[in-house]
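Working notes, beginning with the structure itself.
We use all heavy atoms of the structure for the numbers below, so side chains are in, but hydrogens, waters and symmetry mates are not.
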Amino acid sequence: MLNSIYGTVTGKNSKQLFLENNGIEFDICMPDTNLEVIGNTGTLAKVYVWLQHSENVLALYGFSSLEERSLFLDLLKVDGVGPKGAVKIMSSVSSSRLEEILESGDTGLLEKIPGVGKKTAGKMMLALKGKLSLSQDSHTVQIPKQTPFGDLILSLTSMGYDKKAVEQTVYEISSSLETELSGKSQKEKEDFIFRKAIIALS
C-alpha cells in the first residue's frame, strides 16, 4: 500500500496539491496547514499519503508528516467525520492547537472550528481526548537533539513562537526539502527555511 510519494510540486490550490513522480501527476487532497509547509511549484517534496478506496470513490489524501497523517486517521475515528471533514478541520487549526483544545475539555472552543458543530464537538471530545496518536511517542516524529539550525530556531522563538512548534516545523521543512537545499550555503538554507517556517507558524 502507498505510504508516501516523493516528487516535484506542479501546482497548489486550496486543499489540493499536484505532485509529479516519474511522469505521473498525482492529484492529492491536503489540509491547508500542511500545504503551507510544502514548497512552491517546481520544488521537490515528500508527501505522506492515505488512499480512500471504495466502490464509488478513489481519492488520495496527503500530509506533510507522519504526525499529521496520524491526526487525520484519529479524526476519522469520530462518528460523522469523513475524510473531507477531517481535512477541513485540519485546514482550520494546527495539530498542536487541536490537541490543546481537546485536553482542555472545552467543547465550546471545538465548536468554533469550521466544520465542527455542537454534536461533532461532543463526539470528538469523547473519542479523542487524551487519545491522539500525535501525543504518543511511538507515532511522533522524533527531532534529533543535534540540529544545524539551532540559531534559526532561537531566532523564531525569540519572535514569540512556541519552541516545540518551531523545532517541529523547522525539522519537517528541512527534511521534506533536503534535496532542494543541498548545495546551498548554511545562510541560504536558513533564509529559505525561515521564510517557510514563518508561513507555517502564522
Side-chain angles (χ1 to χ4, degrees), residues 1-99 113-117 120 124 127-128 132-134 139-141 165 168-182 192-193 195-202:
M1 188 56 65
L2 291 171
N3 178 56
S4 66
I5 300 174
Y6 182 77
T8 303
V9 176
T10 53
K12 293 168 66 175
N13 296 312
S14 176
K15 301 179 183 63
Q16 185 179 42
L17 173 73
F18 294 103
L19 192 72
E20 182 180 349
N21 174 281
N22 291 323
I24 300 175
E25 185 179 49
F26 294 90
D27 182 352
I28 304 171
C29 182
M30 176 177 279
D32 291 333
T33 50
N34 286 223
L35 275 169
E36 292 171 350
V37 180
I38 303 298
N40 294 323
T41 300
T43 61
L44 293 171
K46 182 177 182 179
V47 177
Y48 293 91
V49 296
W50 180 81
L51 179 64
Q52 180 185 20
H53 186 197
S54 65
E55 183 178 351
N56 300 317
V57 179
L58 183 63
L60 196 60
Y61 292 80
F63 310 91
S64 59
S65 68
L66 288 170
E67 181 183 41
E68 293 293 317
R69 185 173 65 183
S70 292
L71 173 59
F72 171 81
L73 294 175
D74 282 336
L75 287 171
L76 294 186
K77 298 174 184 176
V78 179
D79 183 32
V81 176
K84 289 186 177 180
V87 167
K88 185 175 182 179
I89 292 171
M90 292 178 67
S91 293
S92 305
V93 62
S94 67
S95 56
S96 58
R97 178 55 180 159
L98 181 57
E99 182 180 22
I113 300 174
V116 179
T120 300
M124 287 178 64
L128 301 179
L132 287 180
S133 297
L134 59 88
H139 290 278
T140 302
V141 176
Q168 184 70 38
T169 300
V170 170
Y171 173 72
E172 290 176 356
I173 294 174
S174 60
S175 297
S176 65
L177 301 176
E178 185 175 356
T179 302
E180 182 180 347
L181 293 173
S182 64
F192 185 85
I193 295 174
R195 293 194 296 270
K196 295 289 184 184
I198 287 292
I199 295 173
L201 292 165
S202 298

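Separating the CG atom in L201 from the CD atom in Q168 is a distance of 11.0 Å, to the nearest 0.5 Å. Separation of atoms CE (M124) and CG (D74) is listed at 10.0 Å; rounding is to 0.5 Å. We find the OG-CG distance between S92 and L98 to be 10.5 Å, quoted to the nearest 0.5 Å. Taken to the nearest 0.5 Å, the CG atom of N34 stands 12.0 Å off from the NZ atom of K15. The NZ atom of K84 sits 15.0 Å away from the CD1 atom of I89 when rounded to the nearest 0.5 Å. Annotation: the span from L35 atom CG to N13 atom CG amounts to 9.0 Å, rounded to 0.5 Å.
Sparse packing is recorded around NZ of K46, with 12 or fewer heavy atoms of other residues, nucleotides or ligands lying under 6.0 Å away.
What you find for L51 and A59 is that their closest heavy atoms are CD1-O, 3.4 Å. Residues A197 and I173 approach most closely at N-CD1, 3.5 Å, considering heavy atoms. In plain terms, the two heavy atoms of Y48 and S4 that are nearest each other are CD2-CB, 3.9 Å. Closest of all the heavy-atom pairs between I28 and G62 is CG2-N, 3.1 Å. The two residues P83 and Q52 make their nearest non-hydrogen contact at CG-NE2, 3.7 Å. Here the shortest heavy-atom pairing between L76 and A86 reads CD2-CB, 4.2 Å.
Checked by atom type, the side-chain pair S95/E68 shows a donor-acceptor distance below 3.5 Å. Side-chain contact of N3 with R69: a donor-acceptor pair under 3.5 Å is present, judged by distance alone.
By the side-chain contact (heavy atoms from CB on, under 4.5 Å) test, D79 is found to be paired with K123, residues two or more places apart in sequence or in another chain being considered. Under the ring pair (Phe, Tyr, Trp, His ring centres under 6.0 Å) criterion, F72 pairs with W50, Y61, F63, sequence neighbours left out.
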Test side-chain contact (heavy atoms from CB on, under 4.5 Å) applied to T43 and T8, step by step: CA-CA 6 Å; T43 61; T8 303; over 6 Å; no
Apply side-chain contact (heavy atoms from CB on, under 4.5 Å) to the pair L17 and V47, showing each step before the final yes or no. CA-CA 10 Å; L17 173 73; V47 177; 3.7 Å; yes
Output, in order, the C-alpha distance, side-chain angles, deciding distance and verdict of side-chain contact (heavy atoms from CB on, under 4.5 Å) for N40 and V9. CA-CA 7 Å; N40 294 323; V9 176; over 6 Å; no
Kindly determine whether K12 and T41 satisfy side-chain contact (heavy atoms from CB on, under 4.5 Å), including the steps that lead there. CA-CA 7 Å; K12 293 168 66 175; T41 300; 5.5 Å; no
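Considering only heavy atoms from C-beta on, V116 stays 4.5 Å or farther from K88 through its side chain. At a threshold of 4.5 Å between non-hydrogen side-chain atoms, the residues K196 and V170 do not count as touching. By the 4.5 Å heavy-atom criterion applied to side chains, E172 and E67 are counted as neighbours. Using a 4.5 Å heavy-atom cutoff, the side chains of L44 and L177 are not in contact. Using a 4.5 Å heavy-atom cutoff, the side chains of M90 and L71 are in contact. Between L19 and T10, every side-chain heavy-atom pair lies at or beyond the 4.5 Å cut-off.
When atom types are taken as modelled, the side chain of N21 and the backbone of Y6 share a donor-acceptor pair closer than 3.5 angstrom. Here the side chain of S91 pairs a donor or acceptor atom with the backbone of D32 at under 3.5 angstrom.
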